[in-house]
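See below for the structure under consideration.
Computed over heavy atoms, backbone and side chain alike; hydrogens, waters and symmetry mates excluded.
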Amino acid sequence: MPDQEPYEPERAVAGTGMGGTMDLGASEAITLEQPPGPDGADPKEKPRSLWSDAWHDLRRNPVFIISALVILFLIVISLWPSLIASGSPLKCDLAKAQEGSQPGHPFGFNGQGCDVYTRTVYGARTSVAVGILATLGVAVLGSVLGGLAGFFGGAGDAVLSRITDIFFAIPVVLGGLVLLSVITSNTVWPVIGFIVLLGWPQISRIARGSVITAKQNDYVQAARALGASNSRLLLRHIAPNAIAPVIVVATIALGTYISLEATLSFLGVGLKPPSVSWGIDISSAAPYVRNAPHALLWPSGALAITVLAFIMLGDAVRDALDPKLR
């Protein structure tokens, strides 16, 4: 009797397709049964969602990393400005008016003798607060109104479209001069309310178009045929797939809202002294630009860097969430 090879459990037998068999290793047998996916991917690996792919791209985008670090720094000093500025932004000494850099006062003094460095640091709180709160209000109001109009359509959609056309016809700066000039409050809430009032139509139009596109997809029609309610269709199937354009537009608009607050404060209808704002500091330093340019340079530079950081963040998010750019 011929010698038989010892049984090895890690070996497998596979058909050759011609009536015979051939001896294979276990790893080779698995390879025949489950061929690898494209680019050598594991066939058992779960496909990544749009948000997972977006985060995967953002982590490798230097524009996103730089802008996110700048914004994180601005948020930290907005919450705790005393970490890098020990003085008071309201403490002024006319004897030091328009003086340049000194030990302990690296940015010099403005026309009223206030420390420009301290006021620049504390001014970030107002600008960041106005930008974030106004963006949240605009995004929520615009998304709800635009999403409902796009989903249900009909007369409500037509009325909302005409209302947004009216708001688009209002010049933003002129509207701010008219509306805010009659308000005597010295807080950020009138400015935030004005930005939300004139900013929601843009988000509403974006959300409306995104919802109209999403509700025509096959999976939405299948869910409707299976008896899903309108609320379930909106919250579970349409909203997660229609929110990406809203996030992109809102992120880019955040920087615009910060510059709008500074513009209104510069014109004297936004925040007013003794509030601390980059727009107020730019306005007070403009008449002394020849004698004390540093008082204008630093708050203007901080404003420009902040707006640029949010715009860069919005561009990076847009590139990550846009499937056409993959």
Side-chain angles (χ1 to χ4, degrees), residues 34 37-39 41-61 64 132-168 195-254 256-257 310 313-326:
Q34 295 182 346
D39 301 329
D42 187 357
K44 296 183 179 180
E45 183 179 356
K46 184 178 180 180
R48 292 185 301 186
S49 64
L50 172 64
W51 303 102
S52 299
D53 284 338
W55 176 239
H56 180 269
D57 294 341
L58 287 174
R59 288 183 299 174
R60 290 159 176 77
N61 189 342
F64 171 78
I132 293 178
L133 293 178
T135 302
L136 289 176
V138 167
V140 171
L141 181 61
S143 298
V144 171
L145 295 179
L148 293 177
F151 182 77
F152 292 103
D157 185 19
V159 171
L160 183 66
S161 299
R162 302 294 75 79
I163 293 176
T164 55
D165 292 338
I166 294 173
F167 276 94
F168 277 126
I195 295 176
V196 172
L197 179 63
L198 292 188
W200 70 267
Q202 180 187 18
I203 299 295
S204 175
R205 184 159 291 184
I206 297 295
R208 173 183 175 273
S210 185
V211 168
I212 291 176
T213 301
K215 75 175 185 179
Q216 297 174 356
N217 291 328
D218 294 338
Y219 60 86
V220 176
Q221 302 300 328
R224 188 189 299 274
L226 292 174
S229 63
N230 289 335
S231 59
R232 183 177 179 84
L233 289 175
L234 274 171
L235 298 178
R236 293 292 301 274
H237 301 286
I238 295 179
N241 296 283
I243 197 66
V246 174
I247 294 176
V248 172
V249 175
T251 306
I252 297 176
L254 199 155
T256 305
Y257 298 152
F310 280 105
L313 180 69
D315 288 341
V317 173
R318 178 197 60 195
D319 295 341
L321 292 178
D322 191 352
K324 299 178 181 178
L325 300 177
R326 297 186 181 279

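The closest donor-acceptor contact from the side chain of T251 to the backbone of G314 lies at 3.5 Å or more, if one exists at all.
In terms of heavy-atom proximity, V220 sits nearest to K215 at CG1-O, 3.6 Å. In plain terms, the two heavy atoms of G199 and V138 that are nearest each other are O-CG1, 3.4 Å. Nearest heavy-atom pair, V249 versus I203, reported as atom, atom and distance to 0.1 Å: CG1-CD1, 3.7 Å. When every heavy atom of Q216 is checked against every heavy atom of Q221, the shortest pair comes out as CA-NE2, 4.0 Å. Contact detail for A139 and S143: the closest heavy-atom pair is O-OG, 2.5 Å. Residues S161 and R208 come closest through the heavy atom pair OG-NE, 4.0 Å.
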Legend entry - Working for side chain to side chain contact (heavy atoms under 4.5 Å, CB included), residues N230 and R224: CA-CA 8 Å; N230 289 335; R224 188 189 299 274; 4.0 Å; yes
Legend entry - F167 and L197: CA distance, side-chain angles, deciding distance, side chain to side chain contact (heavy atoms under 4.5 Å, CB included) verdict: CA-CA 9 Å; F167 276 94; L197 179 63; 3.9 Å; yes
Legend entry - Verdict with reasoning, I252 to V317, per side chain to side chain contact (heavy atoms under 4.5 Å, CB included): CA-CA 9 Å; I252 297 176; V317 173; over 6 Å; no
Inset, instruction - Please assess S204 against L160 for the test side chain to side chain contact (heavy atoms under 4.5 Å, CB included), listing each intermediate value before the final yes or no. - result: CA-CA 9 Å; S204 175; L160 183 66; 3.7 Å; yes
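L136 CG to L254 CG: the interatomic distance, rounded to the nearest 0.5 Å, is 8.0 Å. Taken to the nearest 0.5 Å, the OH atom of Y257 stands 7.5 Å off from the CD1 atom of I195. Within the model, atoms CD1 of I247 and OG1 of T135 stand 12.5 Å from one another, a figure rounded to the nearest 0.5 Å. Here D315 contributes atom CG and F310 contributes atom CZ; the two are 13.5 Å apart, rounded to the nearest 0.5 Å. Atoms OH and CG, on Y219 and L233 in that order, are 10.5 Å from each other to the nearest 0.5 Å. Remark: R162 CZ to T164 OG1 distance equals 6.5 Å, nearest 0.5 Å.
Ring planes of W55 and F64: perpendicular class, angle over 60° (limits at 30 and 60°).
The shortest side-chain heavy-atom distance between N241 and N217 does not fall under the 4.5 Å cut-off.
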